[in-house]
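Step one of this worksheet: look at the structure below.
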Amino acid sequence: MIDRRAAAGRILRAATSGGPPVTYALIALCCAVFLVSPLSGFVPVRGGADALLAAQAGYFERWGVIPSELWDGSAHALLTPLTALFVHGSWLHLLGNILFLYVFGAMAEERMGHTEFALFYLGCGYLALLGYAVAHATSDQTLVGASGAISGVLGAFLYLFPRARVTSLFPFLLFLPLRFPAWVVLIFWFVLQWLAARGAGSGPGVAYLAHVVGFATGFLYAWGRYRRDARVKSPATATEGETQP
């Protein structure tokens, strides 16, 4: 698990000291979208619990990806893999994703540059959700969240900063904080997603396949784009992460 207090503190400190603007803008946009959604609890919905559930379902259907409807050719359906990147189903879903985006996105943006990173993030997210929709073309379950795009950032981070030190807390090691090279943590994470994707269906839950597609897309992009450049090999740069975005 991630050290959420330390990561949250880093976000607050960075917000007042400048930093990667695209990463911060993506975090701010995800937060703003969630706050004005019927999932946040801040938007009043008249009619009681049933009306609230209906509003939430309609919100997901409007902005999320529904694989069975993605192939109808409408402009709205084709845009949903982008809009879904900024929609989250709960506070926990949102906070987990923005913490990962900050922790790994800042260094990736610094390496890629602002414009390239923005296009990379959106492209990885779109392809991740599209890949899931292709594999589950008849599913009526709505898919939302930034995990596919963030998985792409993790894949690029693995290639660009393989020796960066990552502090993780592993449940099976009694939550002891341990520091590993990024390649150890991220490959371990990818294997877990791959195994989970093989056993997951198209019903409600975590879209592990989108994580796998996003991660692979991000890694391959970084490999193709930067393989002739020197990668960052120094272990001096430190970051924090966990095994599940």
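All values below were derived from every heavy atom in this structure, side-chain atoms included, with hydrogens, water molecules and symmetry-related copies excluded.
- Annotation: the span from Ile150 atom CD1 to Leu101 atom CG amounts to 5.0 Å, rounded to 0.5 Å.
- Under a 3.5 Å cut-off, the side chain of Thr142 and the backbone N or O of Glu61 do not form any donor-acceptor pair.
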Audit row: Cys30, Asn97, side chain to side chain contact (heavy atoms under 4.5 Å, CB included) steps and yes/no: CA-CA 9 Å; Cys30 286; Asn97 275 341; over 6 Å; no
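- The main-chain N or O of Leu35 is found under 3.5 Å from a side-chain atom of Ser40 such that the two form a donor-acceptor pair.
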For a quick test of your reading: what N or O donor-acceptor pairs under 3.5 Å do the side chains of residues 49-59 make, sequence neighbours left out?
| unit_1 | atom_1 | unit_2 | atom_2 | d |
| --- | --- | --- | --- | --- |
| Gln56 | NE2 | Pro38 | O | 3.3 |

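- Residue Val134 is grouped with residue Leu209 when hydrophobic side chains (ILVMFWY) are merged at heavy-atom distances under 4.5 angstrom, including chains of intermediate members.
- Note on Val144 and Ile66: separate hydrophobic clusters, where clusters join Ile, Leu, Val, Met, Phe, Trp and Tyr whose side-chain heavy atoms are under 4.5 Å apart, directly or indirectly.
- Taking both residues in full, the closest heavy atoms of Ala77 and Glu69 are given as CB-O, 3.5 Å, listed atom of the first, atom of the second, then distance.
- The side chain to side chain contact (heavy atoms under 4.5 Å, CB included) check on Val22 picks up Leu26, Glu109, His114, Phe117, Ala118, with sequence neighbours excluded.
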Going by atom type alone, with no hydrogens or angles, which donor-acceptor pairs under 3.5 Å involve a side-chain atom of residues 119-129 and a protein atom two or more places apart or on another chain?
| unit_1 | atom_1 | unit_2 | atom_2 | d |
| --- | --- | --- | --- | --- |
| Tyr126 | OH | Leu78 | O | 2.8 |

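- A distance of 6.0 Å separates OG1 of Thr83 from NE2 of His76, quoted to the nearest 0.5 Å.
- Separation of atoms NE2 (His211) and CG (Leu192) is listed at 12.0 Å; rounding is to 0.5 Å.
- Using the six-membered ring where Trp is involved, Tyr102 and Tyr24 have ring planes that are parallel, under 30° apart on the 30 and 60° scheme.
- Cluster annotation: Ile187 is connected to Tyr159 through the hydrophobic network of ILVMFWY side chains, with a link wherever side-chain heavy atoms come within less than 4.5 Å.
- Between Met112 and Arg225, the closest side-chain pair of non-hydrogen atoms is not below 4.5 Å.
- The line from CG of Leu94 to OG of Ser37 is 9.0 Å long, rounded to the nearest 0.5 Å.
- Atom CD in Gln193 sits 11.0 Å away from atom CG in Leu186 (nearest 0.5 Å).
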Full working for side chain to side chain contact (heavy atoms under 4.5 Å, CB included) between Ser151 and Trp189: CA-CA 10 Å; Ser151 296; Trp189 177 86; 3.3 Å; yes
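- With Ser68 contributing its side chain and Ser139 its backbone, the two residues share a donor-acceptor pair below 3.5 Å.
- Trp71 and Leu82 fall within the same hydrophobic cluster, defined by Ile, Leu, Val, Met, Phe, Trp and Tyr side-chain heavy atoms under 4.5 Å apart, directly or through other members.
- Of the candidates Tyr208, Trp194, Phe190, Phe215 forms a ring pair (Phe, Tyr, Trp, His ring centres under 6.0 Å) with just one, namely Phe190.
- Evaluation of the side chain to side chain donor-acceptor pair (under 3.5 Å) rule for Asp72 yields Ser74 as partners, not counting sequence neighbours.
- Checked against side chain to side chain donor-acceptor pair (under 3.5 Å), Arg62 has no partners two or more places apart in sequence or in another chain.
- Using a 4.5 Å heavy-atom threshold, the side chains of Thr217 and Val213 count as touching.
- Here CG of Leu130 is found 9.5 Å from OG1 of Thr80. Values are rounded to the nearest 0.5 Å.
- A tilted orientation is assigned to the rings of Phe161 and Phe157, their planes being inclined by 30° to 60°.
- Residues Ala146 and Leu85 share a closest heavy-atom pair of CB-O, 3.3 Å.
- Less than 6.0 angstrom separates the ring centroid of Tyr132 from the ring centroid of His136.
- In this structure, the ring pair (Phe, Tyr, Trp, His ring centres under 6.0 Å) partners of Phe34, at least two apart in sequence or on a different chain, are Trp91.
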